[in-house]
Undergrad: 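Okay, handing you the structure first.
Values below: every heavy atom of this structure, side chains too, minus hydrogens, waters and symmetry copies.
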Amino acid sequence: MSSNMFKASVALVLGLAATSAFAVDACHDEMTKPRGNAHNVNGNQTGSISGTPWGFEQWSGGGSNSMKYYDNGTFEATWSNNNDYLARVGYRYGDNGPGVDHKTKHYTVDYKYTKQGTAQYGYIGVYGWTVNPQVEYYIVDDWYSKPNEQYIGKSRGTITVDGATYTIHAYLRQQEPSKTGTSTFLQIFSVRQTPRQCGHIDISAHFNKWDEMFTGQVAQLDGSKGGGSTTLKFGKVTEVMLMNEAGGGATGSVNYTYFDMSDNGKPSEPPKQIERSAFKSMTIPGTIEAEDFDNGNYGVTYSGVAGASGDDGDHSYRGEDYASVDIVKNGTGRAIGYTEADEWLEYTVDVKEAGEYDVVASVSNGNNKGTVTVKVGSAKADLSFNKTADWDTYEDATGKLTLAAGKQTVRITINTASTNVDYVKFSKPGASENPDQPASIAATKFQWTAGKTYQVFDLNGNALGTVKAEAGESLNKALKNKFQNAGVYMVKSGAASARVNVK
């Protein structure tokens with residue numbers, strides 16, 4: 001699999017995916033309207049996008065930056081050493097106008113983008129202002145660093161929108177820059193518990209939830225001057241925009257390749273309720289294939305946040321109900337790929353015998369070293385791995401667990417973004433390995449080093465020959481050049497081994 005460093009997708013977490021109330025799936029569909037001409041934005045500037053109902057805005061608080069938007073509303077931007085940078089596209093009704101009663105509209109947006117960079121803070125999602133009262137609001141679907149309550153206020157509860165859970169925060173900005181100059185104003189945040197980089201947002205559903213939670217409520221708030229009390233109320237909107245914000249010495253870039261915002265959208269349907277059940281019968285000792293997580297709803301048996309596997313994907317294996325999990329054709333057949341940090345999956349298993357077990361997770365990550373956590377009942381182990389040659393080269397992340405006997409739930413948590421997981425194997429110490437899925441507990445981690453010669457086997461343990469690492473040549477390419485045939489190969493160097501999927 002040619003993995004994407006930054007996961008450019010998160011499928012809809014409605015349990016309905018592309019069959020939901022909205023017709024498009026930005027994570028998989030192409031824009032029906034061509035991107036068209038590029039238009040450069042110079043400096044701090046606002047304006048309209050010709051032929052559309054939308055406007056654009058770029059604002060910078062220092063450093064260097066650039067933004068360009070296209071005829072269909074998609075846009076891209078870069079910035080460097082910026083104290084605060086914003087690029088956004090959407091509805092603008094005038095900073096000093098009366099605003100629009102959001103109850104007379106139904107705002108939605110479908111989007112997809114890639115990003116890179118670092119920032120002390122950064123919010124990606126929907127942004128805007130209201131008047132009467134003046135409120136700055138954010139619907140945060142992704143970030144450059146996870147939003148800190150020090151800057152957005154303590155959680156005031158949760159809401160469920162589009163099948164996902166958002167925490168709600170309110171913060172009081174006191175005598176700070178605003179749309180009307182220096183003033184005191186309220187900030188409201190909806191922060192998605194699991195970040196994503198594509199999908200559908202029912203914006204009006206957030207507005208309506210905020211109305212329910214806040215109208216007429218007087219509350220003591222965290223604030224920029226140490227706090228204070230204010231009446232919580234969401235006013236009339238003066239802008240509703242898809243935006244990217246990064247600050248605190250931020251450097252990075254963003255590229256929106258799908259953008260479709262409407263003020264006449266349809267409310268999202270509630271998720272289809274799926275009764276929890278085992279997808280396959282699983283026992284320990286034994287092997288759990290990562291793609292065979294339990295049947296059930298998002299947030300109950302899995303928290304997959306993707307849908308960008310493209311040609312690598314096996315989209316029919318679990319069907320549209322689970323389109324937010326990227327099952328890729330990789331590893332020893334299928335694997336979970338295009339992952340984000342904190343993504344997890346659960347499995348119902350029967351532990352046949354209590355005692356200590358060796359645990360081996362078959363993983364790959366062409367970007368970084370990292371960890372996966374395997375939890376069985378109350379027992380937990382963090383399994384570490386090195387950066388692999390690519391996403392087609394798998395290594396063993398190993399550990400031990402002491403388990404009780406009986407039916408239990410296994411949770412696999414992917415702690416490091418862009419980690420592929422093929423399977424997790426449980427075996428009694430000293431037990432012989434299944435030749436169909438060799439997974440030796442390596443004394444050393446596998447390293448592909450120029451000049452070394454490696455032994456090559458098939459998955460039944462038959463020796464196929466050797467391959468030599470040439471400078472600048474990937475392991476995958478070396479195997480393809482030597483053996484010509486596609487398939488899964490076991491490559492060994494001493495006690496260390498890796499499984500490589502050659503296509």
Undergrad: Please determine whether side-chain contact (heavy atoms from CB on, under 4.5 Å) holds for the pair Met213 and Ile159, giving the CA-CA distance in whole Å, both sets of side-chain angles, and the decisive distance to 0.1 Å.
TA: CA-CA 10 Å; Met213 292 180 69; Ile159 61 175; 3.8 Å; yes
Undergrad: Can you tell me if Glu346 and Thr409 form a side-chain donor-acceptor pair at under 3.5 Å?
TA: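 Judged by distance alone, the side chains do not pair up.
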Undergrad: Salt bridge check: are Lys280 and Asp292 linked by an N-O gap of less than 4.0 Å?
TA: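 Looking at Lys280 and Asp292, the cut-off is met.
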Undergrad: If only atom types and distance count, is the side chain of Arg92 paired as donor or acceptor with the main-chain N or O of Gly94 below 3.5 Å?
TA: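 Such a contact is absent between Arg92 side chain and Gly94 backbone.
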Undergrad: By the definition side-chain contact (heavy atoms from CB on, under 4.5 Å), identify the one residue from Val363, Val325, Asp422 that meets it with Ile336.
TA: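 Result: among Val363, Val325, Asp422, Val325 is the only option passing the side-chain contact (heavy atoms from CB on, under 4.5 Å) with Ile336.
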Undergrad: Please step through side chain to side chain donor-acceptor pair (under 3.5 Å) for the pair Ser418 and Trp391, ending with a clear verdict.
TA: CA-CA 9 Å; Ser418 302; Trp391 281 268; 5.3 Å; no
Undergrad: Test of understanding: with salt bridge (Lys or Arg N to Asp or Glu O under 4.0 Å), list the residues that count as partners of Arg334, not counting sequence neighbours.
TA: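 Salt bridge (Lys or Arg N to Asp or Glu O under 4.0 Å) list for Arg334, sorted by chain: Asp314.
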Undergrad: What heavy-atom pair brings Ala87 and Ala77 nearest, and what distance separates the two atoms?
TA: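 Here Ala87 and Ala77 meet closest at CB-CB, 4.0 Å.
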Undergrad: Considering non-hydrogen atoms only, spot the tightest contact between Ser190 and His206 and give its length.
TA: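 Heavy atoms only, the tightest pair is OG-ND1, 3.1 Å.
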Undergrad: Should the heavy atoms of other residues, nucleotides or ligands under 6.0 Å from CG of Asn40 be counted, would the total exceed 12?
TA: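 It does: Asn40 CG has more than 12 such atoms within range.
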Undergrad: Does a donor on one side chain sit under 3.5 Å from an acceptor on the other, for Ser268 and Asp162?
TA: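 Distance-only check passes for Ser268 and Asp162.
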Undergrad: Less than 3.5 Å apart, any donor N or O on the side chain of Asn365 or Thr416 sitting next to an acceptor on the other?
TA: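 Side-chain D/A pair, Asn365 to Thr416: absent.
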Undergrad: Tyr107 vs Phe207 aromatic rings, parallel, tilted or perpendicular, using cut-offs 30° and 60°?
TA: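 Ring orientation, 0 to 90° scale: perpendicular.
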Undergrad: Do the ring planes of Tyr138 and Phe189 sit parallel (below 30°), tilted (30 to 60°) or perpendicular (above 60°)?
TA: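 Judged by the thresholds at 30° and 60°, the geometry between Tyr138 and Phe189 is parallel.
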Undergrad: Going by atom types only, do His169 and Ser155 share a side-chain donor-acceptor pair under 3.5 Å?
TA: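 No, no side-chain donor-acceptor contact under 3.5 Å.
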Undergrad: Under the side chain to side chain donor-acceptor pair (under 3.5 Å) criterion, do Ser178 and Ser183 qualify, and how do the steps go?
TA: CA-CA 6 Å; Ser178 71; Ser183 63; 2.7 Å; yes
Undergrad: Would you sort out whether Asp95 and Thr238 count as a side chain to side chain donor-acceptor pair (under 3.5 Å), showing the intermediate values?
TA: CA-CA 6 Å; Asp95 294 341; Thr238 58; 5.2 Å; no
Undergrad: Under a 3.5 Å threshold, yes or no: a donor from one side chain and an acceptor from the other, between Ser66 and Thr78?
TA: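 Yes, side-chain donor-acceptor contact under 3.5 Å.
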Undergrad: After noting the C-alpha distance and the side-chain angles of Lys68 and Val41, does the key distance pass the side-chain contact (heavy atoms from CB on, under 4.5 Å) rule?
TA: CA-CA 6 Å; Lys68 64 176 67 171; Val41 181; 5.9 Å; no
Undergrad: Would you list the pairs meeting salt bridge (charged side-chain N to carboxylate O under 4.0 Å, His left out) in which at least one residue belongs to residues 203-219, sequence neighbours left out?
TA: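 Residue pairs passing salt bridge (charged side-chain N to carboxylate O under 4.0 Å, His left out), neighbours aside: none found.
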Undergrad: May I ask you to check whether Ser303 and Glu343 show a side-chain donor-acceptor distance below 3.5 Å?
TA: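 Distance-only check fails for Ser303 and Glu343.
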Undergrad: Does the side chain of Thr371 come under 3.5 Å of the side chain of Asp382 through a donor N or O and an acceptor N or O?
TA: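 Side-chain D/A pair, Thr371 to Asp382: absent.
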Undergrad: Check step by step if side-chain contact (heavy atoms from CB on, under 4.5 Å) holds for Gln134 and Trp129.
TA: CA-CA 7 Å; Gln134 182 174 240; Trp129 288 81; 3.8 Å; yes
Undergrad: Taking the six-membered ring of Phe293 as reference, does the NZ or CZ atom of Arg318 fall below 6.0 Å from its centre and within a 45° cone about the axis?
TA: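 The answer is yes, since Arg318 meets both limits relative to Phe293.
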Undergrad: Quiz question: by atom type and distance under 3.5 Å, do the side chains of Gln187 and Glu136 form a donor-acceptor pair?
TA: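 Per modelled atom types, Gln187 and Glu136 side chains form a pair under 3.5 Å.
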Undergrad: Can you check side chain to side chain donor-acceptor pair (under 3.5 Å) on Thr114 and Asn255, steps first, answer last?
TA: CA-CA 5 Å; Thr114 56; Asn255 183 12; 4.8 Å; no
Undergrad: Listing request: all side chain to side chain donor-acceptor pair (under 3.5 Å) pairs with a residue in residues 140-153, at least two apart in sequence or in separate chains.
TA: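 Non-adjacent pairs meeting side chain to side chain donor-acceptor pair (under 3.5 Å): Tyr111-Asp141, Tyr113-Asp142, Lys115-Asp142, Asp141-Tyr166, Asp141-Arg196, Asp142-Gln197, Tyr144-Asn244.
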Undergrad: With a 3.5 Å cut-off and no angle check, do the side chains of His106 and Thr108 form a donor-acceptor pair?
TA: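 Side chains of His106 and Thr108: no pair found under 3.5 Å.
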Undergrad: State, to 0.1 Å, how close Asp294 and Tyr347 come at their nearest heavy-atom pair, and which atoms those are.
TA: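 Reported closest heavy-atom pair: OD1-CA, 3.4 Å.
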Undergrad: Taking atom NZ as the centre, does Lys33 end up with more than 12 heavy-atom neighbours from other residues, nucleotides or ligands that are less than 6.0 angstrom away?
TA: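 For Lys33, atom NZ is crowded (more than 12 foreign heavy atoms under 6.0 Å).
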Undergrad: State which residues pass salt bridge (Lys or Arg N to Asp or Glu O under 4.0 Å) with Arg35; sequence neighbours excluded, sorted by chain then number.
TA: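 Only Glu76 meet the salt bridge (Lys or Arg N to Asp or Glu O under 4.0 Å) criterion with Arg35.
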Undergrad: Provide the closest heavy-atom pair for Met261 versus Gly90 in the form atom of the first, atom of the second, distance.
TA: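 Taking every non-hydrogen atom into account, SD-CA, 3.8 Å.
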Undergrad: Using only heavy-atom distances, determine whether the side chains of Asn65 and Ser60 contain a donor-acceptor pair under 3.5 Å.
TA: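 Checked: Asn65/Ser60 side chains pair up, N/O donor to acceptor below 3.5 Å.
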Undergrad: Using side-chain contact (heavy atoms from CB on, under 4.5 Å), reason through Phe259 and Tyr70 one step at a time and then give a plain yes or no.
TA: CA-CA 10 Å; Phe259 170 82; Tyr70 295 84; over 6 Å; no
Undergrad: With sequence neighbours excluded, tell me which residues meet side chain to side chain donor-acceptor pair (under 3.5 Å) with Thr104.
TA: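 Testing Thr104 for side chain to side chain donor-acceptor pair (under 3.5 Å), a comparison that skips the adjacent residues, returns none.
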Undergrad: Please tabulate, one pair per line, all N/O donor-acceptor pairs under 3.5 Å involving side-chain atoms of residues 225-234, not counting sequence neighbours.
TA:
none

Undergrad: So Tyr123 and Tyr121, would you call those rings parallel, tilted or perpendicular, with 30° and 60° as cut-offs?
TA: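 Tilted.
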Undergrad: Could you tell me whether the side chains of Thr184 and Gln175 share a donor-acceptor contact shorter than 3.5 Å?
TA: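 On atom types as modelled, these side chains qualify, holding a pair under 3.5 Å.
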Undergrad: Any luck finding a side-chain donor-acceptor pair between Asp71 and His39 under 3.5 Å?
TA: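 Side-chain D/A pair, Asp71 to His39: present.
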Undergrad: Which residue in the set Trp54, Tyr256, Tyr69, Phe56 passes ring-ring contact (aromatic ring centres under 6.0 Å, His included) when paired with Phe75?
TA: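 For Phe75, the ring-ring contact (aromatic ring centres under 6.0 Å, His included) check succeeds only for Tyr256.
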Undergrad: Looking only at side chains, do Thr74 and Asn72 share a donor and an acceptor under 3.5 Å apart?
TA: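 There is such a pair between these side chains.
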